[in-house]
Amino acid sequence: MPISEAIIECKKQGAKSVAINLYIEEQILFQVMLAQHFTKKGLKTENSDDLAIVHFFNKNKTLTLDAWERFKLDKMENNFLHYEEPKGIFFYVKNIGRNPKSIEQEIQKDILLYELNNESKISIEYTRE
C-alpha cells in the first residue's frame, strides 16, 4: 500500500496522527512524526497536525555514515533545521505539512539522499500518535 494511502487509512481508523519509521536492515533510516515536537527547537509549523521528516545520525548508525557526510554540507543544512541533542546525536528536521500525497513524495525524495544500492531493503513501520 502506498504511504499516502496508509496515512489516510490510519486516520480513518481514528488516529489523530501517524508516525512513520523507515528502516534499512536493522537500523533506523529516518522517521516522520508530528512537527510540533520540534517547534521549541525552531521548526516552523502552519498546522498542529503538520508532520516533519527527522533524520538523525550518530557513530552507531553505521549504515548511514555516508549520508551523514552529505547532510553536513551547507546546502543540506539550509534545507533542514539542524541541532545536536544530546551530545553526539545530530538531527536534521524539516516540516513536510499534512497532505498525505505530499508527505509520500517528500519521503521518497529523502530516501534518495541516502544513495542506497538496489539490494537495500527498506521496511516501513506505521505507529499512531
Side-chain angles (χ1 to χ4, degrees):
M1 173 183 297
I3 294 170
S4 58
E5 290 179 23
I7 292 169
I8 292 167
E9 187 60 33
C10 286
K11 288 188 176 185
K12 281 183 185 175
Q13 294 176 8
K16 291 181 184 178
S17 181
V18 178
I20 305 167
N21 299 320
L22 291 95
Y23 296 90
I24 177 171
E25 297 180 26
E26 298 295 317
Q27 290 186 15
I28 189 91
L29 189 59
F30 62 89
Q31 300 173 292
V32 177
M33 63 181 67
L34 280 174
Q36 68 186 13
H37 294 310
F38 304 96
T39 56
K40 289 182 180 178
K41 296 290 182 193
L43 187 66
K44 305 285 187 238
T45 62
E46 293 182 23
N47 302 289
S48 62
D49 57 347
D50 281 356
L51 294 180
I53 288 184
V54 182
H55 300 272
F56 64 93
F57 302 94
N58 62 37
K59 64 181 179 177
N60 297 322
K61 286 185 62 180
T62 56
L63 297 176
T64 61
L65 289 177
D66 290 341
W68 187 13
E69 292 302 317
R70 286 188 292 283
F71 273 83
K72 291 179 186 178
L73 299 174
D74 288 342
K75 182 178 93 175
M76 294 300 290
E77 289 183 8
N78 290 332
N79 293 325
F80 293 89
L81 169 68
H82 172 252
Y83 65 94
E84 178 184 8
E85 186 180 297
K87 186 166 178 57
I89 301 178
F90 300 87
F91 286 85
Y92 297 82
V93 182
K94 72 176 172 182
N95 185 336
I96 56 173
R98 60 184 183 166
N99 177 289
K101 194 64 175 170
S102 296
I103 292 167
E104 179 178 334
Q105 291 169 346
E106 288 292 328
I107 290 170
Q108 291 171 342
K109 187 173 79 175
D110 277 22
I111 287 172
L112 297 176
L113 296 173
Y114 289 86
E115 296 180 358
L116 303 171
N117 62 42
N118 290 337
E119 291 83 41
S120 298
K121 293 183 181 170
I122 296 174
S123 59
I124 300 175
E125 172 187 55
Y126 298 93
T127 59
R128 299 168 186 208
E129 293 188 339

Identify every side-chain donor-acceptor pair in residues 88-102 under 3.5 Å, counting partners at least two apart or on other chains, and give the distances.
unit_1	atom_1	unit_2	atom_2	d
Y92	OH	H82	NE2	3.2
K94	NZ	E106	OE1	3.1
K94	NZ	D110	OD1	3.1
N95	OD1	G97	N	2.7
N95	ND2	K44	O	2.9
N95	ND2	D50	OD2	3.1
R98	NH1	D49	OD1	3.3
N99	OD1	K101	N	2.9
N99	OD1	S102	N	2.9

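- Taking the side chain as every heavy atom from C-beta outward, F56 and I28 approach each other to under 4.5 Å.
- Distance check, rounded to the nearest 0.5 Å: CZ of R70 to OH of Y114 gives 9.5 Å.
- Two residues are said to be in side-chain contact when any heavy atoms from C-beta on lie closer than 4.5 Å; Y23 and L29 fail this criterion.
- Within the structure, every pair that satisfies the salt bridge (Lys or Arg N to Asp or Glu O under 4.0 Å) test and touches residues 78-91, not counting sequence neighbours, is listed here: K41-E85.
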Can you list, pair by pair, the side-chain donor-acceptor contacts under 3.5 Å of residues 1-10, counting residues two or more places apart and other chains?
unit_1	atom_1	unit_2	atom_2	d
S4	OG	E104	OE1	2.6
E9	OE2	Q13	NE2	3.2

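- Between the OG atom of S17 and the NE2 atom of H37 there is a distance of 7.5 Å, given to the nearest 0.5 Å.
- Note: the hydrophobic cluster containing V18 does not contain F38 (ILVMFWY, side chain heavy atoms under 4.5 Å, direct or indirect links).
- Atoms CD1 and CD, from I107 and Q31 in turn, are 11.5 Å apart once rounded to the nearest 0.5 Å.
- Under a 3.5 Å cut-off, the side chain of N58 and the backbone N or O of K61 do form a donor-acceptor pair.
- Between the side chains of T62 and Q27, at least one donor N or O lies within less than 3.5 Å of an accepting N or O.
- Contact check for E25 versus L63: side-chain heavy atoms found under the 4.5 Å cut-off.
- Atom OG1 of residue T45 and atom CG of residue L51 lie 11.5 Å apart, to the nearest 0.5 angstrom.
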Requested in this report: Please report the C-alpha distance between V54 and M33 in whole Å, then the side-chain angles of each, then the deciding distance to 0.1 Å, and finally whether the side-chain contact (heavy atoms from CB on, under 4.5 Å) criterion is met.
Outcome: CA-CA 7 Å; V54 182; M33 63 181 67; 4.0 Å; yes
Requested in this report: Please assess F71 against L113 for the test side-chain contact (heavy atoms from CB on, under 4.5 Å), listing each intermediate value before the final yes or no.
Outcome: CA-CA 9 Å; F71 273 83; L113 296 173; 3.7 Å; yes
